[in-house]
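Scroll down for the structure; my scribbles are underneath it.
Throughout, a chain's letter reflects where its sequence line sits, starting with A, and its residues are numbered from 1.
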Amino acid sequence: MSLQSTSLQTRDMPLGRDDLARLVARDIAPGSFVNLGIGQPTLVSNYLTEEQNITLHTENGMLGMGPEAKGDEIDEDLINAGKIPVTELPGASYFHHADSFAIMRGGHLDICVLGAFQVSATGDLANWHTGAPGAIPAVGGAMDLASGAKDVFVMMTLLTRDGASKLVEHCTYPLTGVGCVTRVYTDKAVFLTGPDGVIVRETFGCTLEELQELVPLPLQSAAAVGV
Amino acid sequence: MSLQSTSLQTRDMPLGRDDLARLVARDIAPGSFVNLGIGQPTLVSNYLTEEQNITLHTENGMLGMGPEAKGDEIDEDLINAGKIPVTELPGASYFHHADSFAIMRGGHLDICVLGAFQVSATGDLANWHTGAPGAIPAVGGAMDLASGAKDVFVMMTLLTRDGASKLVEHCTYPLTGVGCVTRVYTDKAVFLTGPDGVIVRETFGCTLEELQELVPLPLQSAAAVGV
Amino acid sequence: MLNFIDTVGEAVAGIQDGSTVMIGGFGNAGQPFELIDALLDGGATDLTVVNNNAGQGDQGLALLIKEGRVRKMICSFPRQSDSWHFDAKYHAGEIELELVPQGNLAERIRAAGAGIGGFFTPTGYGTMLAEGKETRIIDGRGQVFETPIHADVALIKALKADGKGNLVYRKTARNFGPIMAAAAKHTIAQVSEIVPIGGLDPENIVTPGIYVNSIVKVA
Amino acid sequence: MLNFIDTVGEAVAGIQDGSTVMIGGFGNAGQPFELIDALLDGGATDLTVVNNNAGQGDQGLALLIKEGRVRKMICSFPRQSDSWHFDAKYHAGEIELELVPQGNLAERIRAAGAGIGGFFTPTGYGTMLAEGKETRIIDGRGQVFETPIHADVALIKALKADGKGNLVYRKTARNFGPIMAAAAKHTIAQVSEIVPIGGLDPENIVTPGIYVNSIVKVA
């Protein structure tokens, strides 16, 4: 494998959460319909531009979701999937839960962005359950998004607090979906996942060689494979 | 079998189509949600009273259908299942086809009234296809109504033009639904059908003995079985 | 991506030979006559058409059938007093018919839009329309396995669209429009009126713009 | 039959021990708090409850769970920062949990209302939530067989009802209300306002009155 790391390194430093969210936002094609799940991925909404004309979907029954509600805008009947008060943009629509999940499950969303515990080389996703004994499992809409969206992007730190890679050959946590993740955005690199293995699109504050030291599966350089 | 015909005969003459429609209308419980199919059963709507507070459903997406539209009321966007212009009553609602058939298929209609070629002793219905070679089959919503409504009433003449009974031991025409018909309203009698056989509720212009001559399956008297 | 298109001809220009085309409407209500006429003019052939009926009189879908452009009809009620063009093609063995109970037609279209791989329904159990199909008894009732109907294109008619492609309909003209819009890869809607973004109440949208690709105003 | 009822207590009085009760709402939006409180006061126990969550804080469903009235929860997201009453009962082995992906929960409820005997979906395929379930490959995708969720009673919250029982909702408080109303044998709706027949636009009804049995106005 040819590791052409210099051409991939786009930043001197690992990315913070906001920089990562900005990067994901920049990568979303104009006019897309997008679901940002709950937690960290919702930061992406802060960096979408008006020119991009992105329509945000929330699983609890809305297209055209606006930014988080502040002060007088707060309305208990208008919340997102994380149960945080949000606002409504012009051109929004409301629908019931079966219609909302039909949008997700029917393949109509262009992109969903999710957090993850682990992603495998072939795009398996584990993000709902640690599998720890006694842990109460809760899945919400994660499996529907994983299996339904045209593209599933993951946002996560590359390493656990213990320094283990979350990008793995095979997930050890219970799966959310099989072969569903197409891109993984981490603080140290952006990876493209799929049936042909893992391709590194760019690195942040490390060379490809250094990255390969951290990740226990073979990495290919985007420059080398011509992506 | 004890044939107590005198107590069942309620009219001196066979019923005409309008008298039959009036009888069906009278038998519909107040507050019911009803679908009247197409053709002859739609006559029933002429005899429903305001006090009955019946809500009519039409398969093409409406609850609260009113009478046929006349003159200036005619609106090409407001038709019934027979494609005849109709009107809208206060409290009506419109919905799309999947939602409309969910009402029918989900068991939410109290009664549907359908025409028939044949009904069997156990309530099998044949009303969509003669089975004749070269005939173009057309089924519409008949099978959904037959399998979905809580009660399926049939309105038909008892005999074909050739004098054969349409109430039969086993249907020879292709089936619309199995064991679905609960009542059969004919010009000569009202029959209750079900797993226990055929019960005659009342006769028009004939005795039960005379009726039994016409129908090739054992008839029980409602008076005798205590219905 | 959503496009507002000036003419019905341009709107249907991308429809390929061999496509599966859903056409909204029940009787005349909700039929996108202008889009169908444009499809007739456009020349696409070898089509599979999904519609409740199989054309009436000498207009719209009936003409498409007459001209031999429809290889197969998927419908619930092809036989009407004025469906002579379908009748002729059918008796000549020149058109294929998949006859589907109307509720199965609606539910199969809905299933395609909702990502359902197939479902069991009591409708049609024990009838010739279930012959050859998988069946099972569920909670004591015989049920038939039915599969989704996907389409390349849907041609539908709505009352109004806003700038986001959200649609509202009028009375019983709503019928198949919303479920076909969700089941097709590319949905083309003819509307009577286009209003600005914000011109429709978010509570009353029937078809969200995510399901709509092309909108053309028809006078 | 539709009844307009004066108090939430009378509205829930008929709910029997052992019933399956669907409760609308996602977070606080659309939760029929007053009906849940009345159910708590009414004493029915051994309930199976269908809700997206498993109660939050010290109110509503959480209290019903705390009081030991819920035998089984069917939900997608029981674990929240303030779901301590469910947590305690779960760890004590005093409540059964059927964990369902949220889209399967919605679709299974919808299937019950629409008379569908079961359906195949890709959601959950290859995960532990599909263990023991029938699967098949359809069009190259692994799919899981899921069955309808019926209920004896649905408790939902809507914005307005008209005299025919037609309902409209408000913003994301709509969520599970419409599908639960259709899936339950008996649907009880608490509303903020009751308007006369004709007071709601027929184009904008979300839940037709055919799905509603009891309506109670909550100030």
Chain A contact via C/Ile210 - side chain, backbone, both or neither, heavy atoms under 4.5 Å:
both

Taking side-chain contact (heavy atoms from CB on, under 4.5 Å) as the test, write out the residues that go with A/Ile38, two or more places apart.
A/Ala81

Would you mind checking chain C against chain A for donor-acceptor pairs under 3.5 Å and listing them?
| unit_1 | atom_1 | unit_2 | atom_2 | d |
| --- | --- | --- | --- | --- |
| C/Gly113 | O | A/His108 | NE2 | 2.7 |
| C/Lys164 | NZ | A/Asn53 | OD1 | 3.2 |
| C/Lys164 | NZ | A/Thr55 | OG1 | 3.2 |
| C/Asn166 | ND2 | A/Gly91 | O | 2.8 |
| C/Pro202 | O | A/Tyr94 | N | 3.1 |

Turns out that what part of A/Leu89 lies under 4.5 Å from chain C's heavy atoms comes down to neither

Residues in residues 13-47 of chain C near chain A [non-hydrogen atoms, under 4.5 Å]:
none

Counting heavy-atom pairs under 4.5 Å to chain C, which of A/Ala92, A/Gly64, A/Ala29 comes out on top?
A/Ala92

Identify the residues of residues 112-139 of chain C whose heavy atoms come closer than 4.5 Å to a heavy atom of chain A, ordered by number, or report 'none'.
C/Gly113, C/Ala114, C/Gly115, C/Ile116

Closest heavy-atom pair and its distance - C/Pro208, A/Leu63
CB-CD1, 3.6 Å

